[in-house]
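Below is one structure, written out as structure tokens; the observations come after it.
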Amino acid sequence: MKKTLACILGIFAFILSVRISNAQDSGPAYKNPNLPVDQRVQDLLGRMSLEEKVRQLDMYSGSSDLLTDDQLRDHHTHAKTDAVFNPAIAEKALGSLGVGSIHDTYPPPQLYNAIQAWVIKSNPLGIPALFIEEGLHGYMGYDETIFPQSVNLATTWNVDLAKKTGAAIASEARADGVDMILAPVLDVARDSRWGRVEEDFGEDPFLSGQLGLNYVEGMQGDSLATDHNCIAEPKHFAAHGSPESGLNTSPVHAGEREVRTVMLKSFEPAIREGHAMGVMAAYHDIDGVPCTSNPWLLQKVLKGEWGFQGFVLSDLGAIRRLYDTHHVAATPADAACLALNSGVDMQFYDFDHDVFQNAIINGVKDGQVSEATLDAAVSRILRVKFLLGLFDHPFVDADLDKSVRRSPEHLDLSLEVARQSMCLLKNENNLLPLKKDLGRVAIIGPNGDIARLGDYADVATEGPEFGMLTQIQKIVSPKTKVSFTDGKDVESAVALAKKSDVVILALGEKKGISGEGFDRSDLDLPGNQEELLEAIVKTGVPVVLVLQNGRALSIPWAAKHVPAILEAWYPGEFGGRAIAETLFGDNNPAGRLPVTFPKSVGQLPVFYNHFPSKNNNYVDENDSPQFVFGFGLSYTTFEYSHLNVTAPAPGSADDVLVSFNLTNTGERDGDEVAQVYMHETTASVATPVKALKAFSRIHLKAGETKSVTLRVSKSELAVWGADQEWKVEPGEFTASVGGRSDADLSTKFVIKWPQSS
């Protein structure tokens with residue numbers, strides 16, 4: 001009966017039979033959903049051949065290994081919506097050994113179900129595949145919700161939005177069968193020349209850590225075995241955001257203390273508290289040791305000290321670099337074994353499948369890789385597959401995608417993140433907000449009729465529909481004439497400006513200038529934009545500069561001469577609307593900078609939490625930045641008062657309590673981002689002049705005062721001291737509170753030694 005049914009219904013009958021069989025408790029222990037995951041993993045591991053184990057450590061491309069060119073969209077890593085799975089192609093690529101993961105497919109749900117059904121049926125033990133895709137600020141399939149770039153999310157200083165964004169991305173991905181998203185990026189971005197600053201949550205490890213924690217918690221939820229949660233994979237582990245010369249994948253020059261104190265602190269909450277089940281090992285080397293061959297980083301810290309329970313995936317080609325770039329491995333086989341022995345669990349298109357798999361197989365046989373090391377890596381990968389429920393309910397409801405993809409809730413969330421990320425850097429004489437009944441408004445510049453999306457939104461189209469030109473036309477009075485020119489012809493742009501009541505200069509960066517692999521040697525406005533800017537300002541017409549860009553730019557002339565500046569970053573598909581609402585007063589800006597803006601590239605690296613020994617000026621300018629970390633203006637004003645710090649009792653593990661009053665002293669309702677910074681007067685090692693330890697985005701009505709108490713975990717005051725241990729060293733501390741990193745309302749408090757008995 002079953003054979004007849006299978007012949008009639010094919011793959012979908014098999015799907016049904018798998019569901020039925022998995023619901024039963026009989027058979028091998030690993031098929032019993034009522035047993036603990038670790039017991040199921042060990043039972044399955046004991047049934048696997050060496051070749052089957054090694055296959056679990058490899059990633060295959062759905063687009064090149066499982067599909068033909070005519071089944072792919074133009075982007076060539078995405079399946080067409082009507083692509084039909086051909087088992088013969090999969091048989092040639094995978095045989096009967098199963099597969100660890102499948103990437104670059106972005107399958108519609110029907111295709112995912114067909115591929116997964118074949119994978120399970122084709123290997124004797126029925127091990128499902130893990131589907132992995134990109135989703136940094138939106139699941140990167142076609143026609144999915146595009147959220148503002150990560151730097152925008154950081155500018156909101158709103159952890160709740162981070163959690164909601166992670167959850168939304170996961171739900172759109174899982175509806176298509178995707179189990180794991182390669183995000184968030186938790187590198188601490190300390191050099192704005194680096195093209196990937198836009199992917200980060202900024203220069204501060206605490207802000208990055210809290211946003212990353214909430215993003216991961218939103219993405220993974222309370223259980224991975226759902227139809228709306230995915231594995232999150234913090235990257236690039238670790239210290240990728242401080243490369244030499246700002247060049248992607250370049251060396252990082254830092255000792256253990258700085259790595260632990262700054263560069264790992266942004267990752268630690270996502271692992272220890274958020275229990276992220278994936279981590280991506282980075283390309284570069286730290287103090288000469290490549291990350292993919294660094295057992296101290298991957299074994300001692302990540303898996304040992306932090307108790308990481310997921311698996312480590314190499315960045316694309318990072319294992320290969322051990323052989324052809326870092327030259328710490330003599331052959332590709334040596335590189336594969338070295339990475340596995342160091343703590344990497346899965347390769348990402350590093351070597352051809354036969355080269356990688358045979359290297360590990362031969363490495364086990366000749367003793368270069370122990371069976372225990374191999375089993376540990378395979379167990380970590382199998383464990384996440386069990387946690388995802390792939391052994392018990394491996395298929396997705398093909399109709400779910402229709403209700404989840406670009407749902408009204410997700411679109412509203414994207415708009416809200418864009419709104420909250422608007423960062424007002426200057427507003428001389430309250431030029432903003434603009435009146436909606438102005439006679440003539442000129443929008444000038446290359447970013448005027450387009451909403452910049454940022455990197456990792458490759459299949460989306462940056463078009464005029466959501467650009468500020470279209471959105472401003474919708475928001476102003478019908479009598480207002482809105483004109484546009486891209487500014488390529490400076491002379492004609494000046495002529496347009498002279499006929500206008502106000503000019504909105506739409507400048508900044510575009511794709512191909514910012515993003516992965518697009519590092520810059522200067523941070524000036526690109527192309528002719530500086531010439532255009534100065535020419536327009538010299539007309540005497542009021543000018544508002546709106547920046548869409550992926551990194552902090554050097555804009556000293558604009559900061560001095562332009563009366564109003566709005567930093568919008570890459571605000572996603574509703575960016576134009578958020579910009580228009582902000583410029584014309586429907587949105588009161590409250591974004592705060594997650595990175596420091598330098599006056600010139602010569603100041604780099606420049607970040608607020610530097611050591612006290614950095615106290616000299618250049619011969620040609622002082623060392624103060626253009627805009628400090630945490631800075632941002634509002635259409636209202638705020639006042640801090642009555643600061644009080646309650647220190648924990650000696651020997652207590654209680655939090656430090658920082659209390660103050662916050663008053664909206666203006667005439668408009670608005671949000672303020674209250675920030676708490678701390679510094680220890682004397683410690684066993686040098687410590688930053690101040691470091692962010694707590695923050696909260698708070699809404700206040702005009703004239704309203706709120707009593708606020710923010711908690712600082714006592715562990716946040718610990719230093720990696722001269723004895724190379726984490727300790728809270730008793731002594732005097734200074735707590736500073738305000739709406740920016742150079743806030744001057746401060747008080748001192750003391751952490752005392754516990755009383756001796």
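No experiment lies behind these values; they were computed from the predicted model shown.
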Pair [X], [Y]: side-chain N/O donor-acceptor within cut-off below 3.5 Å:
| X | Y | result |
| --- | --- | --- |
| Glu732 | Thr682 | no |
| Ser150 | Glu198 | no |
| Gln420 | Thr156 | no |
| Thr665 | Thr637 | yes |
| Gln675 | Tyr677 | yes |
| Thr155 | Trp569 | yes |
| Ser624 | Lys599 | yes |
| Tyr640 | Glu672 | yes |
| Tyr456 | Gln149 | no |
| Ser634 | Asn588 | yes |

Can I get a per-line list of side-chain donor-acceptor pairs under 3.5 Å for residues 701-708, giving both atom names and the distance, sequence neighbours left out?
unit_1: Glu704; atom_1: OE1; unit_2: Lys701; atom_2: N; d: 2.7
unit_1: Thr705; atom_1: OG1; unit_2: Thr663; atom_2: OG1; d: 2.7
unit_1: Lys706; atom_1: NZ; unit_2: His699; atom_2: O; d: 2.8
unit_1: Ser707; atom_1: OG; unit_2: Asn661; atom_2: OD1; d: 3.1

Charged N to carboxylate O under 4.0 angstrom, [X] versus [Y]?
| X | Y | answer |
| --- | --- | --- |
| Arg419 | Glu581 | yes |
| Asp671 | Arg697 | yes |
| Lys164 | Asp160 | yes |

TODO: With the side chain counted from C-beta on, respond yes when Phe733 and Val750 share a heavy-atom pair under 4.5 Å apart, and no when they do not.
DONE: no
| Going through the distances and angles, do Val476 and Asp437 end up as a side-chain contact (heavy atoms from CB on, under 4.5 Å)? | CA-CA 6 Å; Val476 296; Asp437 60 354; over 6 Å; no
Please verify the inter-ring angle class for Phe627 with Phe597; under 30° counts as parallel, over 60° as perpendicular, anything in between as tilted. perpendicular
Practice problem: Begin with the C-alpha distance, continue with both residues' side-chain angles, and end with the deciding distance and a verdict on side chain to side chain donor-acceptor pair (under 3.5 Å) for Ser684 and Glu729. | Solution: CA-CA 8 Å; Ser684 64; Glu729 298 181 345; 2.5 Å; yes
Minimum heavy-atom distance between [X] and [Y], given as atom pair plus value:
| X | Y | value |
| --- | --- | --- |
| Tyr635 | Asn587 | CE1-O, 3.8 Å |
| Leu432 | Val544 | CD2-CG2, 3.8 Å |
| Pro625 | Thr596 | CB-CG2, 3.3 Å |
| Ala559 | Ile565 | CA-CD1, 4.0 Å |
| Leu186 | Phe267 | O-CE1, 3.6 Å |
| Asp519 | Gly195 | OD1-N, 2.7 Å |

Query raised in the report: What do the steps show when you test Trp194 against His240 for side-chain contact (heavy atoms from CB on, under 4.5 Å), and what is the final call?
Result: CA-CA 10 Å; Trp194 187 47; His240 197 48; 3.5 Å; yes
Interatomic distance, NZ@Lys690 vs CG@Asn609, rounded to 0.5 Å, equals 11.0 Å
Between Asn549 and the options Lys510, Glu567, Glu509, the side chain to side chain donor-acceptor pair (under 3.5 Å) test singles out Glu567
Check for me whether Lys265 meets the cation-pi criterion with Trp720, that is, NZ or CZ under 6.0 Å from the six-membered ring centre and within 45 degrees of the ring axis.
no
Is the Lys NZ or Arg CZ of Arg190 less than 6.0 Å from the centre of Phe607's six-membered ring, within 45° of the axis? yes
- Query: Are Phe629 and Trp157 close enough that their ring centres sit under 6.0 Å apart?
  - Reply: yes
Give a yes or no on this: more than 12 heavy atoms of other residues, nucleotides or ligands lie within 6.0 Å of atom NE2 of His561.
-> yes
Practice item. Might you confirm whether atom CD of Glu621 has over 12 heavy atoms from other residues, nucleotides or ligands at distances under 6.0 Å? Key: yes
- [ ] Taking His679 for its side chain and Ala735 for its backbone only, find out whether a donor-acceptor pair lies under 3.5 Å.
- [x] no
Review point. Does Asn152 offer a backbone N or O that forms a donor-acceptor pair with the side chain of His137 under 3.5 Å?
Key: no
